Amino acid sequence: MQIILGDITKQEVDAIVNAANTSLLGGSGVDGAIHRAAGSELVHECRLLGGCKIGDAKLTKGYRLPARFIIHTVGPVWRGGDCGEPELLAECYRKSMQIAADKEFESLAFPCISTGIYRYPKALAGEIAVKICSEQIQNNGGPQRVIFCCFDRENYEIYERILSNYS
Ligand code: APR
């Protein structure tokens with residue numbers, strides 16, 4: 001597992017994960033950035049998917065992105081931590097890793113799901129992200145390269161600290 005500080009729309013990987021909403025029709029944050037970079041064909045494919053439940057994940061092509069595919073997942077909104085948020089966030093990572101393993105992707109990049117507009121505490125989210133991806137790699141093989149693509153230094157330093165406990 002690797003950490004980078006950068007823009008996920010620039011990553012040349014088999015798939016990038018999008019922190020979407022249940023409509024899958026785009027938004028702001030990383031969702032907006034991915035739709036802008038992928039181009040207008042993306043939303044046409046998304047329309048055919050009939051939305052996405054919180055904690056679930058769905059695959060589309062990457063269109064104009066350097067990434068070949070996009071795995072759209074919908075993270076939970078943070079409501080204090082007692083409304084099933086940890087389990088739902090874990091499902092986002094688990095389902096995304098499962099799709100990547102099923103498709104035999106070699107490389108996969110995640111944003112810090114739910115930690116922006118959905119206000120999930122960054123450190124708690126990072127712990128879940130690393131734990132689930134580490135488990136999936138051990139159990140399913142999964143992509144050789146799992147990249148945590150942080151857009152801000154705070155998240156980057158959080159992931160550095162978490163991953164240092166995994167090596
Ligand atoms: N590359 C990588 N990470 C990015 C990028 C980018 N280009 N742009 C934003 N991010 C980061 C944010 O800084 C944050 O760390 O993605 C993380 C997730 O933040 P959001 O995009 O706000 O996603 P989230 O908190 O999951 O909220 C999802 O926001 O955009 C809407 O439609 C989306 O309703 C959904 C909600």
Side-chain angles (χ1 to χ4, degrees), residues 1-78 88-120 122 125-126 128-130 132-133 136-137 140-156 158-159:
M1 295 180 284
Q2 299 169 291
I3 321 164
I4 59 169
L5 182 61
D7 180 346
I8 202 164
T9 66
K10 304 274 191 283
Q11 301 312 308
E12 294 190 26
V13 289
D14 286 327
I16 60 171
V17 175
N18 181 22
N21 61 58
T22 52
S23 76
L24 291 185
L25 300 181
S28 49
V30 70
D31 194 7
I34 288 172
H35 275 268
R36 275 193 301 280
S40 58
E41 295 160 289
L42 173 57
V43 76
H44 296 312
E45 184 176 358
C46 287
R47 270 206 194 92
L48 304 176
L49 296 177
C52 184
K53 288 190 180 63
I54 301 171
D56 201 358
K58 292 192 177 176
L59 183 73
T60 68
K61 292 193 286 292
Y63 298 102
R64 296 169 192 270
L65 286 169
R68 293 195 302 133
F69 292 94
I70 308 165
I71 295 172
H72 304 261
T73 191
V74 182
V77 175
W78 178 254
L88 285 166
L89 186 61
E91 275 305 288
C92 289
Y93 284 92
R94 198 171 288 121
K95 292 270 179 66
S96 299
M97 287 288 282
Q98 190 58 56
I99 290 173
D102 293 349
K103 295 286 180 185
E104 296 179 346
F105 292 158
E106 303 214 333
S107 53
L108 177 68
F110 285 98
C112 304
I113 301 167
S114 278
T115 66
I117 290 162
Y118 284 1
R119 301 189 324 282
Y120 208 110
K122 295 178 166 65
I128 289 172
V130 173
I132 299 300
C133 290
Q136 293 296 303
I137 290 168
N140 297 355
Q144 267 96 351
R145 264 192 330 132
V146 174
I147 298 158
F148 297 111
C149 182
C150 300
F151 204 50
D152 58 277
R153 180 149 292 282
E154 185 187 0
N155 266 310
Y156 183 86
I158 286 169
Y159 275 83

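Heavy atoms only: backbone and side chains are in, while hydrogens, waters and symmetry mates are out. What you are looking at is a predicted structure, and each value in this text was computed from that prediction instead of being measured.
- Smallest separation of non-hydrogen atoms from Ala109 and Ile8: O-CD1, 3.5 Å.
- Here the CG-OG distance, from Leu59 to Ser96, works out to 10.0 Å after rounding to the nearest 0.5 Å.
- The line from NE2 of His35 to OG of Ser40 is 11.0 Å long, rounded to the nearest 0.5 Å.
- In terms of heavy-atom proximity, Glu12 sits nearest to Pro66 at CG-CB, 3.6 Å.
- Ser114 and Pro76 get closest at one heavy-atom pair: OG-O, 2.8 Å.
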Kindly determine whether Asn140 and Met97 satisfy side chain to side chain contact (heavy atoms under 4.5 Å, CB included), including the steps that lead there. CA-CA 9 Å; Asn140 297 355; Met97 287 288 282; over 6 Å; no

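- The shortest side-chain heavy-atom distance between Pro143 and Asp14 does not fall under the 4.5 Å cut-off.
- Of the inter-residue distances, the one linking Glu154 atom CD with Thr115 atom OG1 reads 9.0 Å to the nearest 0.5 angstrom.
- Screening Tyr156, Phe151, Tyr159 against Cys112 for a side chain to side chain contact (heavy atoms under 4.5 Å, CB included) leaves a single residue, Tyr159.
- Once rounded to the nearest 0.5 Å, the distance linking CZ of Phe105 with CD1 of Ile99 reads 8.5 Å.
- Using cut-offs of 30° and 60° on the angle between ring planes, the pair Phe110 and Tyr93 is tilted.
- Counting only residues at least two apart or in different chains, salt bridge (Lys or Arg N to Asp or Glu O under 4.0 Å) contacts with residues 99-116 are absent.
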As a quick check of understanding, evaluate side chain to side chain contact (heavy atoms under 4.5 Å, CB included) for Leu65 and Leu42, giving each step before the final call. CA-CA 10 Å; Leu65 286 169; Leu42 173 57; 5.9 Å; no

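- Put simply, the side chain of Val74 does not reach to within 4.5 Å of the side chain of Lys53, judged on heavy atoms.
- Here the straight-line distance linking atom CG of Asp152 with atom CG of Leu5 works out to 7.5 Å at 0.5 Å rounding.
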Please list, one pair per line, the donor and acceptor atoms closer than 3.5 Å that link side chains of residues 17-27 to other protein atoms, with sequence neighbours excluded.
from, atom 1, to, atom 2, distance (Å)
Asn18, ND2, Asp31, OD1, 2.8
Asn18, ND2, His72, ND1, 3.2
Asn21, OD1, Ser23, N, 2.9
Asn21, OD1, Ser23, OG, 2.5
Asn21, OD1, Leu24, N, 3.4
Asn21, ND2, Gly26, O, 3.1
Ser23, OG, Leu25, N, 3.0

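- Across all non-hydrogen atoms, the minimal contact from Ala57 to Ile71 is CB-CG2, 3.9 Å.
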Yes or no on side chain to side chain contact (heavy atoms under 4.5 Å, CB included) for Phe148 and Asn155, after CA distance, side-chain angles and deciding distance? CA-CA 10 Å; Phe148 297 111; Asn155 266 310; over 6 Å; no

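- Closest non-hydrogen pair, Cys46 versus Thr60, comes out as SG-CG2, 4.2 Å.
- Residues Gly29 and Ile117 share a closest heavy-atom pair of N-CD1, 4.3 Å.
- Distance check: Leu49 CG to Glu45 CD gives 6.0 Å after rounding to the nearest 0.5 Å.
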